[in-house]
Amino acid sequence: MTGVGGAGEWLGEWLGRAVRAVGAWEERFGGYVRHPALAVGGGELESAFERLVERLSGNYPFFHPRYAGQMLKPPHPAAILGYVTAMLINPNNHALDGGPPTAHMEREAVARLADMFGYGTHLGHLTSSGTIANLEALFVARELHPGQGIAYSAEAHYTHARMCRVLGVEGHAVPADQRGRIDLDALEDLLRTGRIGTVVLTAGTTGLGAVDPIHEALGICRRYGTRIHVDAAYGGFFTLLAGQELDPAPWRAIAECDSVVVDPHKHGLQPYGCGAVLFRDPAVGRFYVHDSPYTYFTSDELHLGEISLECSRAGAAAAALWFTFELLPPTRQGLGEVLAAGRRAALAWAGLLEKSPVVGLYQRPELDIVAYFPNLPSLSEIDRKSAEMMERGMTDDPARAVYLSTFQVAAPALVARHPGVHADAPGGRVLRSVLMKPESEHAVEHLHARVEELAAGI
Ligand SMILES: *Cc1c(COP(=O)(O)O)cnc(C)c1O
């Protein structure tokens, strides 16, 4: 398959069509003279573009099935087309003055996300990222439980602890169990102290893809009157597989939680700059109340900027998500097919790793993240060899290169899963692969064979 994102020739043609369509729209407003200060072209353009392309060639091949490292892949060509078409106009979704059409597209796309999580009512919007989306959820949580702390699992995203500091709230890390999920007994012990106002549960941890038992935590949190926020930045779209491939209980329970965050720029095929936060109770909009001397002139309708902490935001991001959902909707048959393939790839690879004499499976994958390590007697050897395998995978034998990532684990976590390993260091690196492209399914055998070779020093 050639062409960006396997789009063959169509993306190039359609990008040209986008430029023509927006040009035709511009003509409706009458001609005008462009200022010479803005002129570029000719040889300078040619050479600057060459330098740009040369610079960009230093990237890792995120698009390729043999790239099985971090949570990275290019957007779907449809998202690129939606983004670029709207970006040629460059609406700002802060306020309706910045362009009503993309603000409405944002509402519609966010409503589809709310539906996906089973929210009957919602208030929500897109954000620049999962971090900002989580910050907004924790900000609202702090307003509702002033003076109380926020609890999250030790495996939760590192930004929760950081945002607690930003918000001036006490953050509490709760230990994780042997599958990387929040330990409910430890959580309840903490809630008993009365110091916690909000619990953050993670639906798909960034490290291992572990899903906290949200359905079980729900009852505990209710008993102590705490608010629940679900961080599904990475895992949220896996709810499309609930009841089919995945145990539905934790996913269905999200509908009962107070807020949820999902990143369309991770598993929603979007370019960076697209997170989302949803609140179940629209009344929390009151915490955002502010006035702006610059904006909010054109309509009495609620402006997105009135319910978000950020000001300017790309309307193009909303157009891209809306357009992608028109073609690949957030349903089991639509986007669900993409996630299901990556998860099948992770399970298939896990099966091979379990049988291998030279590499071992760190833990069974729940979603599409596989963690594994060279079979060596001690943690320090595993650490050194994992780093070497990642490096050599990329550089040796370029035609068969594999791109992996490492993941830092604590000695007790490794030993709990693999009691035979000698814990001669407090922690160390194992290998980790996020199989988030559906094409990963066809690459599993190669990835496994190459990883076995690297472990054997070949
Ligand atoms: C990626 C991630 C975040 C942070 O999101 P960004 O979009 O990278 O800012 C937060 N939580 C989880 C679980 C994540 O996987």
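Both ligands and their constituent atoms are indexed starting at 1 by order of listing. Quick note: numbers below take in every heavy atom, side chains included, and nothing from hydrogens, waters or symmetry partners.
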- Task: State if K266 counts as touching ligand 1 under the rule of any non-hydrogen atom under 4.0 Å.
- Result: yes

- To the nearest 0.5 Å, how far apart are CG in L361 and CD in E354? 5.0 Å

- Ignoring hydrogens and angles, state whether a donor on the side chain of H229 or N134 is under 3.5 Å from an acceptor on the partner side chain. yes

- Query: Judged by modelled atom types alone, do S356 and E452 share a side-chain donor-acceptor pair under 3.5 Å?
  - Reply: yes

- Task: Pick one of side chain, backbone, both or neither for how I132 approaches ligand 1, counting any non-hydrogen atom pair under 4.0 Å.
- Result: neither

- Run the numbers for me: atoms of ligand 1, each under 4.0 Å from some heavy atom of H265, listed by number. 7 (O)

- Any donor-acceptor pair under 3.5 Å from N92 side chain to R313 backbone: yes

- Item | ligand 1 to T202 polar contact by distance, N or O atoms, under 3.5 Å | no

- Note on the structure: Atoms of ligand 1 under 4.0 Å from any heavy atom of S129, numbered from 1 in the order shown, are 7 (O), 9 (O)

- Hey, what's the ring geometry for Y372 with W349, parallel, tilted or perpendicular (30° and 60° as the breaks)? tilted

- Any idea which protein heavy atom is nearest atom 9 (O) of ligand 1, and the distance to it? T131 OG1, 2.5 Å

- Give the residue, atom name and distance (to 0.1 Å) of the protein heavy atom nearest atom 11 (N) of ligand 1. D231 OD2, 2.6 Å

- Measure up the F373 and Y362 rings against each other and bin them: parallel (under 30°), tilted (30 to 60°), perpendicular (over 60°). perpendicular

- Query: Do any nitrogen or oxygen atoms of G204 lie less than 3.5 angstrom from nitrogen or oxygen atoms of ligand 1?
  - Reply: no

- Item | Parallel, tilted or perpendicular: ring planes of Y272 versus H265, cut at 30 and 60 degrees | perpendicular

- What atoms of ligand 1 come within less than 4.0 Å of a heavy atom belonging to T206? 12 (C), 13 (C), 14 (C), 15 (O)

- Message: For ligand 1 and H157, I'd like to know whether there is a polar contact (N/O to N/O, distance under 3.5 Å).
- Response: no

- Message: Regarding ligand 1, does D263 bring an N or O atom to under 3.5 Å of one of the ligand's N or O atoms?
- Response: yes

- Item | Check: S129 side chain, I132 main-chain N or O, donor-acceptor pair, under 3.5 Å | yes

